[in-house]
2 protein chains.
Amino acid sequence: MPPFDMARTREKSASAEMNPCGACPVRSLTVCAALDPEELRRLADILQNVRVDSGHTLFAEGDSADALYNVTSGTVKLYKLLPDGRRQITGFLVTGDFLGLAVNDSYAYTAETVTSSSLCRFPRKKIDALLEEFPKMQRRLFSMASNELAAAQDQMLLLGRKTAKEKICSFLLMLSQRAARRGHKENPVFVPMSRADIADYLGLTTETVSRTFTQLKTAGVISLQEGNKVLIADLDAMYDLAEGA
Amino acid sequence: MPPFDMARTREKSASAEMNPCGACPVRSLTVCAALDPEELRRLADILQNVRVDSGHTLFAEGDSADALYNVTSGTVKLYKLLPDGRRQITGFLVTGDFLGLAVNDSYAYTAETVTSSSLCRFPRKKIDALLEEFPKMQRRLFSMASNELAAAQDQMLLLGRKTAKEKICSFLLMLSQRAARRGHKENPVFVPMSRADIADYLGLTTETVSRTFTQLKTAGVISLQEGNKVLIADLDAMYDLAEGA
DNA sequence: CGATCCCTTGAACGTAGTCAACGCGAGTGG
DNA sequence: CCACTCGCGTTGACTACGTTCAAGGGATCG
């Protein structure tokens, strides 16, 4: 029996065997894009499929960073805490996003599922070895990190300089655009996270988030629908409101 | 704002030969660390040394991103603007930091000098080719981007969840630690940027920055010295104040 | 059916923003 | 050489946006 078959038997989930990377429907979105079949096979050999229910912690800030993850379905939030419990969510990750970058071999943030999610888990040492071997993948990861960095700067602008209304509108537009890029319907927008999560992402309180939704609803810019969906009724107004026009 | 071509003197390979990367005193801090002599020579071949007076724009948000830069001396600020002029400074870069990562071949932010500065300029196409060739350098760049990303998340926590006093203390401590890591004296801290710049970095107004400095001064935690220096009189208090203890 | 969680709404409060004035030092020109 | 301007920092008075504290509704679940 070839060694790679041995490796595959170690995978946690049977679904990984039935759905190898070559057939992965979200590959084009992520770090695995543009790898050739042989490289994909090598990648499949080291990954574990992980399924996590909503509200569970993948890893906590300060944990030793022994794996990189790739979201294949669901939504994951990353956050940091202050000693007194104040929380800042630094990102909501969805299909195709990766997480687990480390500083000093420790995670810099806590990762927790918002909805039940599936992830590919790459043990650090193995993925590092593979990155050495496949510069193509290294470049891809770098380019994704660059995009993350640009998004982080947008978020700083939002946190430091936007009003509550502008923050909420920017947030909804971001979710909408992100859904569109993944081939989901961009309107109404699916908003799976709680008011508390939105507040901690935008630097607000739940009360302010709730009040601002009500304002926008009253102004006829959005309307709330069943199943945590938000219909953007006036897209132009949203764009204007998102930047203070 | 003066036109930057006037202030900027671009020295071609001639000066690069006189001061080759091999003798560069800040190499260990930056992307050029751990390259061998041959690789350094190749790097020196493509770089331009750039000297820029204070208050000049290196490039603006949206410009086509045709170069990567590396700060060798001085301080550079990066910022983004809202249509009505509100500004968020996303970082102050010093010796060893790089800038110029692009999204869609455009810069995502404006880069402007705070003090007169020197930079190494790497034309995009040439540096990309070199990165292909030297995976070592690619990895180094990636690891620096990872650190940037972690710093960005810290900044989001600051912007979203810290009070004015906590922001100012965190800021001064960051400057102090950064100076220490570069072998400069960490106390008193050199603070070359204006109140307006500090405000736009911390999501405050100049008045609040000024008032908070006065408060900290009155409380005996810091004292202001000649030449834009801040003496941290009570380091423990600063650490506590920075996280709301 | 009670307990819990999440969301919403109301009222009062407080932190930081806004508007305004002034001091100070550097640079400029009469 | 002095008067003037200009940019920057500081301080004061007032305001406002978002927070805090509190209450209640609605959905879910044991």
Side-chain angles (χ1 to χ4, degrees), chain A residues 53-55 77 82 84-89 112 114-115 158-171 191-219 222-230 241 244, chain B residues 1-2 53-56 77 82 84-89 112 114-115 158-172 191-219 222-230 241 244:
Chain A
D53 281 341
S54 69
K77 65 189 175 199
L82 286 170
D84 64 2
R86 279 174 290 172
R87 184 177 69 151
Q88 180 65 41
I89 293 182
E112 194 178 316
V114 173
T115 64
L158 178 147
L159 289 169
R161 288 300 180 214
K162 290 190 180 181
T163 65
K165 194 183 282 186
E166 290 163 1
K167 287 177 177 181
I168 296 285
C169 290
S170 302
F171 175 64
V191 183
M193 56 291 283
S194 69
R195 296 289 183 262
D197 280 351
I198 298 173
D200 283 348
Y201 181 61
L202 300 178
L204 299 170
T205 59
T206 60
E207 292 93 331
T208 299
V209 171
S210 186
R211 275 187 252 271
T212 307
F213 269 106
T214 304
Q215 270 181 260
L216 293 171
K217 215 169 50 187
T218 306
I222 63 170
S223 66
L224 307 187
Q225 299 186 335
E226 280 292 299
N228 293 323
K229 285 199 271 291
V230 176
L241 288 172
Chain B
M1 199 152 304
D53 281 342
S54 68
H56 289 263
K77 65 189 174 199
L82 285 171
D84 63 2
R86 279 174 290 172
R87 183 178 70 151
Q88 179 65 41
I89 293 182
E112 193 178 317
V114 173
T115 65
L158 177 147
L159 289 169
R161 288 301 181 213
K162 290 189 180 181
T163 65
K165 194 184 282 187
E166 290 163 1
K167 287 176 177 181
I168 296 286
C169 290
S170 302
F171 175 64
L172 291 173
V191 184
M193 57 290 283
S194 69
R195 295 289 182 261
D197 280 351
I198 299 173
D200 283 347
Y201 180 61
L202 300 178
L204 299 171
T205 58
T206 60
E207 292 94 332
T208 299
V209 171
S210 186
R211 276 187 252 271
T212 307
F213 269 105
T214 304
Q215 268 180 261
L216 292 172
K217 215 168 50 187
T218 307
I222 63 170
S223 66
L224 306 187
Q225 298 186 334
E226 281 293 299
N228 294 323
K229 285 199 270 292
V230 176
L241 287 172

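Letters go in sequence order (proteins before strands), and every chain restarts at 1. From a predicted model like this one, the values you see are computed outputs, not experimental measurements. Reckoned from all heavy atoms, side chains included, excluding hydrogens, waters and symmetry mates.
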Original post:
How close or far is atom C1' of C/dG17 from atom NZ of B/K167, stated in whole angstroms?
Top reply: 12 Å
**OP:** Mind calculating the distance between NZ (A/K165) and P (D/dC17) to the nearest angstrom?
**Re:** 10 Å
Original post:
Do you know which two heavy atoms are closest between B/I89 and B/D197, and how far apart they sit?
Top reply: CD1-O, 3.4 Å
Subject >> Whole-Å distance separating the CZ atom of B/R86 from the C1' atom of C/dA16 >> reply: 15 Å
Original post:
Does any N or O donor sit under 3.5 Å from an N or O acceptor when you compare the side chain of A/R211 with the base of D/dT20?
Top reply: yes
**OP:** Report the distance from atom CD1 of A/I168 to atom CG of A/L241, rounding to the nearest 0.5 Å.
**Re:** 11.5 Å
Original post:
Does A/T214 make a side-chain N or O approach to OP1 or OP2 of C/dT9 shorter than 4.0 Å?
Top reply: yes
Original post:
So which heavy atom on B/Q88 is nearest to which on B/D200, and how close?
Top reply: NE2-O, 3.1 Å
**OP:** Work out how much the helix from C/dC1-D/dG30 to C/dG30-D/dC1 bends between its end axes, five pairs an end, to the nearest 10 degrees.
**Re:** 20°
Subject >> Residues forming a side chain to side chain donor-acceptor pair (under 3.5 Å) with A/K165, sequence neighbours excluded >> reply: none
Original post:
Which part of the nucleic acid does A/S210 contact within heavy-atom distance under 4.0 Å: base, sugar-phosphate only, or nothing?
Top reply: base
Original post:
Of all heavy-atom pairs between A/M193 and A/F171, which one has the smallest distance, and what is that distance?
Top reply: SD-CZ, 3.9 Å
**OP:** Check the pair B/V230 / B/L216 against side chain to side chain contact (heavy atoms under 4.5 Å, CB included), numbers first and verdict last.
**Re:** CA-CA 11 Å; B/V230 176; B/L216 292 172; over 6 Å; no
Original post:
Hey, is the side chain of A/T208 poking within less than 4.0 Å of OP1 or OP2 on D/dT19, counting only N and O atoms?
Top reply: yes
Original post:
Residues two or more places apart in sequence or in another chain: which of them pass side chain to side chain donor-acceptor pair (under 3.5 Å) with A/K162?
Top reply: A/S170
Can you list, pair by pair, the side-chain donor-acceptor contacts under 3.5 Å of residues 206-215 of chain A, counting residues two or more places apart and other chains?
| from | atom 1 | to | atom 2 | distance (Å) |
| --- | --- | --- | --- | --- |
| A/T208 | OG1 | A/T205 | OG1 | 3.1 |
| A/T212 | OG1 | A/T208 | O | 2.6 |
| A/T214 | OG1 | A/S210 | O | 3.0 |

Subject >> Considering all heavy atoms, the nearest B/V114-B/S54 contact >> reply: O-CB, 3.4 Å
**OP:** Using atom CE of A/M193 as one end and atom C1' of C/dC5 as the other, report the distance to the nearest whole Å.
**Re:** 18 Å
Original post:
Considering heavy-atom distances to DNA chain D, does A/A164 or A/E207 have its closest nucleotide positioned more toward the 5' end?
Top reply: A/A164
Subject >> Side-chain-base donor-acceptor pair under 3.5 Å for B/R195 and D/dT11 >> reply: no
Original post:
For B/R86, does its backbone N or O pair with a side-chain atom of A/R161 as donor and acceptor, under 3.5 Å?
Top reply: no
Original post:
C/dC7 P sits how many Å from A/I168 CD1, rounded?
Top reply: 12 Å
Original post:
Whole Å only: how far is the CG atom of A/N228 from the P atom of C/dC6?
Top reply: 12 Å
Original post:
Between C/dA16 atom P and A/R161 atom CZ, what is the distance in whole Å?
Top reply: 13 Å
Original post:
How far apart are the closest heavy atoms of B/L158 and B/K167, and which atoms are they?
Top reply: O-CE, 3.4 Å
**OP:** Scan residues 198-206 of chain A against DNA chain C and write down, sorted by residue number, each residue with any heavy atom closer than 4.0 Å; if none is found, say none.
**Re:** none
Check the interface with nucleotides 26-30 of chain D: list each N/O to N/O pair with the protein under 3.5 Å, or write none.
none

Subject >> For atom CZ of B/F213 and atom P of C/dA16, their distance in whole Å >> reply: 15 Å
